[in-house]
Each structure stands twice: as structure tokens, then as C-alpha cells.
> 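Right, I'll just put the structure down here and ask away after.
When a ligand or atom number is given, it counts from 1 through the structure's own listing order.
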Amino acid sequence: MSSMKNIDRLYEEEDGKNKIEKGTLYLVSTPIGNLSDMTYRAVHVLSGVDFIAAEDTRNTPKLLMHYGIKKPLVSYFEHNKAQRGREIADRLLSGESCALVTDAGTPAISDPGEDLVKLCRSLNIPTVPVPGACAAITALTISALFTAKFSFEGFLTTAKGDRRARLEAIKHDDRTVIFYEAPHKLQDTLKDLLTHLGNRNIALCRELTKINEEVINTTLEEAVGYYETVRPRGEFVIVVEGYKQSDEDSFWAKMTEHEHVDFYINQGLSKMDAIKAAAKDRKIPKGELYKKLL
Ligand code: SAM
């Protein structure tokens, strides 16, 4: 593996900045599909630590083999994380170094990792991020929706009442919102999003960085209609446009044109400025509103 040797040399030359520290937990991001999305640093760290904690000990060996990395693996996943977390922390405290990887993407983002980081930090064990691919950010960047402000919801709970409450809580958030979903639950989730958030523009991002990568810009209504007959396949990120105040829920929606103008006059505006402001709200020319009021 001559390319591996080159990577190691690259890191040796970096003034010890990339030295693998003893007694340290490294959170190593791995590709979400395309194996070439592995970073040089991720390969270097996985090659250098004493052991690797992996969410899926059947999947991770394929990645390690691809990069010629041979390291002892321990499993760390949702159902053993309490007991295994303490064992990993003990090994770290005794001076070993560990890299945590999950099935794909960035550890601790909708997969195990958060608890291990908390435990290590509470024990003053150094924790070092090795950033890389994350499905949520990858989807957002390609969504063609507003990216400057966004929120991440991950997987919605399947408990009906809690799900409803969560969607109602975020209904008026104007930031773009990102959801993860499994293919067999996609249609139910799209329907719930439509019911609670209303019809909005979305980007359905499927199989990112894989052979069947697809990004569909559509609306919730159209997506629900589409998946009535088509079975969703692959992994999905749903990126949903944020809340936009519509004319129906604006403060003046139930006012007559006279009341609307009077509202602004009572706010201290001159009659002409009040007409101008009301016309702007109603998206009509001010001359048109003026004539109607005469
Ligand atoms: N930690 C991961 C990350 O950084 O993105 C997420 C892990 S979470 C258990 C798995 C979910 O991420 C999938 O159900 C899907 O919603 C999303 N996902 C992961 N890989 C994806 C891909 N290649 N394309 C689209 N969505 C993906």
C-alpha cells in the first residue's frame, strides 16, 4: 500500500501536529457512500490508534480493508453503549488511544457517540474530532434551498403524540429544516410534514455520494403523490423550506382596506404613508388602493 505510506509521510512532516496522543478518544467521520470521501487524517488516525470502537463491526472492516488498516475492533452501539462506554473509558484512562466510528458519516449525529463523548469529557479524557462527511450538511448544500440559517431535526420520533407536538413546535420556524428518514417510513413522514407544516418546497436527497445519487426539488404535496405508487429505495435526507408568513396569517388578513389604512394612521403615519404601507402589505399598487378608498 504505497499510497498509505505517502499519507503517513505527509503526516510525519507536519511537525507532530497530527501525532496520535495516548489516552485520547478520536471521533472519526467516515464516508456516507463514496469511499473516496475518507479524509487523509481519518486514515492516519485509524491507522495510529490502539483500537477502534465501531457501531457496526461487520461494515467497518470493509472500510478498513479498503485503506489497508488492521486494528482491533470493539463494538459500540445503541444497545451496549452504557456498559461498553465504561469499558472504553477505562482503557482510555489506562493510556490507550481509541477512534470511534459509526456506520457512516459523523459520529454523534443521529448515531451513537454523544454519550461516549459526554462520559469521556466528564472523566477529563481528551476528545478530538476528525471531521468529514455528514449526510445532513451534504444534503443542505445541494438542496437549492436557503442555507444561511437552518435547523437539524434528525429522525422524528415515531410516537404519534410527540411527533405531532414536535412538528407543531417547529411550524413557525423560518429556517430550512433537515430530517433523516428510513425508506420504509418516508411516505408517512412526508404526509405528517404536509399535515403539520403545510405544503412547502423540499429537496429529497437520496443515496448521496452513491451510484444512484438523486436530488429532487419538489413540494411536500407532490412528493406524497409520487410515493403513493413508487416504493422509496435507499437512504433519504428531507430538506424542507422554512416557514413563510402568508397573507392568510398576517395581522391585517381580517381587516377591510379602510381598517388596514386606519391601523397605520393610528401608528402615527400620514394618510399617504399609511396607504403606501397597506398597499405594500397587500401587494397592490398604492394608486389602486387610493382609488378604492375614495
Ligand atoms: N451520522 C450520520 C451522518 O453524519 O450523517 C447519520 C447516521 S443516521 C443513523 C443514518 C441516516 O442518515 C439515514 O437514515 C439517512 O437519513 C441519512 N443518510 C446517511 N447516509 C446517507 C446518504 N448517502 N444519502 C442520503 N441520506 C443518508
> Please indicate whether Leu269 has more than 12 foreign heavy atoms, meaning atoms of other residues, nucleotides or ligands, lying under 6.0 Å from its CG.
yes

> Taking atom types as modelled and ignoring hydrogens, do the side chains of Asp281 and Tyr264 form a donor-acceptor contact shorter than 3.5 angstrom?
yes

> Please evaluate residues Ile52 and Val28 with respect to the criterion side chain to side chain contact (heavy atoms under 4.5 Å, CB included), reporting the C-alpha separation (whole Å), side-chain torsions for both, the decisive distance (0.1 Å), and the verdict.
CA-CA 10 Å; Ile52 297 171; Val28 179; over 6 Å; no

> Ligand 1: which protein N/O atoms lie under 3.5 Å from its N/O atoms?
from	atom 1	to	atom 2	distance (Å)
ligand 1	1 (N)	Ala104	O	3.4
ligand 1	1 (N)	Thr106	O	3.0
ligand 1	1 (N)	Ile109	O	2.8
ligand 1	1 (N)	Asp111	OD2	2.7
ligand 1	4 (O)	Thr106	N	2.8
ligand 1	5 (O)	Ala135	N	2.8
ligand 1	5 (O)	Tyr180	OH	2.7
ligand 1	16 (O)	Glu181	N	3.3
ligand 1	16 (O)	Phe236	O	2.6
ligand 1	20 (N)	Glu235	OE2	3.4
ligand 1	23 (N)	Ile32	O	2.9
ligand 1	23 (N)	Leu208	N	3.4
ligand 1	23 (N)	Leu208	O	2.9
ligand 1	24 (N)	Leu208	N	2.9

> Just do the side chain to side chain contact (heavy atoms under 4.5 Å, CB included) check on Val74 and Glu87 with the steps written out, would you?
CA-CA 10 Å; Val74 298; Glu87 290 166 16; over 6 Å; no

> Around Lys280, counting heavy atoms of other residues, nucleotides and ligands shown, do more than 12 lie under 6.0 Å from its NZ?
no

> Do Phe152 and Tyr180 have ring centroids that are under 6.0 Å from one another?
yes

